[in-house]
Q: 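Mind looking over this structure? Questions follow.
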Amino acid sequence: MSALKLRNIGPKSAAWLRQVGLRSAEDLAAAGAVGAFVKVRRAGFKPSLNLLYSLEGALVGCHWQDVPEARRQQLVAEYEAAAGGLVTTRAGQQAGPVLETRMQPEGADDDGAGDVAELRFGES
């Protein structure tokens with residue numbers, strides 16, 4: 001069965017799972033709900049805990065909202081233990097915001113290269 005056809009797994013979640021190499025129900029079962037959630041987080045995506053509950057529901061065959069509160073707490077504890085040293089592939093802000101863009105009219109620059117944008121960046 002494809003991840004696209006699993007209960008609780010919508011198109012966005014299925015895309016995230018495919019991108020981290022989980023392409024079938026068997027792949028998801030082998031990784032487990034927490035393992036799959038960690039893979040998605042490590043890939044730099046920012047899923048909410050609802051994805052964790054959805055993955056668990058998909059594995060046990062129930063709606064994600066029907067995952068018992070005790071099991072939810074257990075899943076979160078397992079995730080926190082597994083993610084203790086979690087480093088995502090996306091880094092923090094690389095540059096400051098663009099504060100101003102000015103276009104010089106054609107022919108205003110000395111080399112005749114045409115329109116030139118001048119960008120001023122803020123402090124990061």
Side-chain angles (χ1 to χ4, degrees):
M1 174 186 291
S2 161
L4 291 171
K5 296 180 183 176
L6 285 174
R7 186 175 191 172
N8 305 316
I9 306 300
K12 187 173 187 176
S13 299
W16 286 347
L17 293 171
R18 279 192 309 272
Q19 289 181 39
V20 299
L22 302 173
R23 301 180 188 285
S24 67
E26 293 77 22
D27 292 341
L28 180 58
V34 174
F37 188 76
V38 168
K39 283 182 176 220
V40 169
R41 293 282 307 206
R42 283 200 173 126
F45 302 109
K46 297 186 183 206
S48 70
L49 289 176
N50 288 346
L51 177 63
L52 180 59
Y53 309 144
S54 295
L55 294 168
E56 178 68 9
L59 289 171
V60 298
C62 71
H63 190 274
W64 69 271
Q65 291 176 328
D66 294 334
V67 174
E69 183 60 31
R71 180 61 180 146
R72 288 180 184 218
Q73 291 175 2
Q74 183 182 16
L75 289 166
V76 171
E78 289 175 23
Y79 164 68
E80 288 173 349
L86 185 67
V87 177
T88 60
T89 57
R90 293 183 182 176
Q93 186 176 4
Q94 297 296 315
V98 175
L99 301 176
E100 184 177 325
T101 303
R102 288 186 285 167
M103 297 297 289
Q104 295 178 354
E106 189 172 335
D109 52 325
D110 292 337
D111 64 2
D115 291 343
V116 176
E118 177 183 325
L119 301 177
R120 289 185 32 211
F121 294 92
E123 297 292 320
S124 53

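Note that the structure is a prediction, hence the values are computed from the model and not measured. Heavy atoms only: backbone and side chains are in, while hydrogens, waters and symmetry mates are out. Residue numbers run from 1 in the order of the sequence given.
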Q: Which pair of heavy atoms, one from Ala33 and one from Leu52, lies closest together, and at what distance?
A: O-CD1, 3.7 Å
Q: Could you pull out the closest heavy-atom pair between Leu22 and Ala31, with the gap in Å?
A: CD2-CB, 4.0 Å
Q: Hey, what do you get for CG (Leu49) to CD (Glu56), rounding to the nearest 0.5 Å?
A: 13.0 Å
Q: Do you know the tightest heavy-atom contact between Ala43 and Val20?
A: CB-CG1, 3.6 Å
Q: For residues 18-37, which residue pairs pass the ring pair (Phe, Tyr, Trp, His ring centres under 6.0 Å) check, not counting sequence neighbours?
A: Phe37-Tyr79
Q: Gln65: which residues meet the side-chain hydrogen bond (donor to acceptor under 3.5 Å, both in side chains) condition with it, sequence neighbours left out?
A: none
Q: Which pair of non-hydrogen atoms, one from Pro47 and one from Val40, has the smallest distance, and what is that distance?
A: CG-CG1, 3.8 Å
Q: Would you compute the distance between atom CG of Leu17 and atom CG of Leu51 and round it to the nearest 0.5 angstrom?
A: 6.5 Å
Q: Using 0.5 Å steps for rounding, measure from the CZ atom of Arg71 to the CD atom of Glu78.
A: 5.0 Å
Q: Would you please name every residue forming a ring pair (Phe, Tyr, Trp, His ring centres under 6.0 Å) with Trp16, sequence neighbours left out?
A: Phe45
Q: What closest approach, in Å, do Gly21 and Asp27 show between heavy atoms, and which atom pair accounts for it?
A: O-OD2, 3.7 Å
Q: Rounded at 0.5 Å granularity, tell me how far CH2 in Trp64 sits from CG in Leu55.
A: 12.0 Å
Q: Could you pull out the closest heavy-atom pair between Asn8 and Ala58, with the gap in Å?
A: ND2-N, 3.3 Å
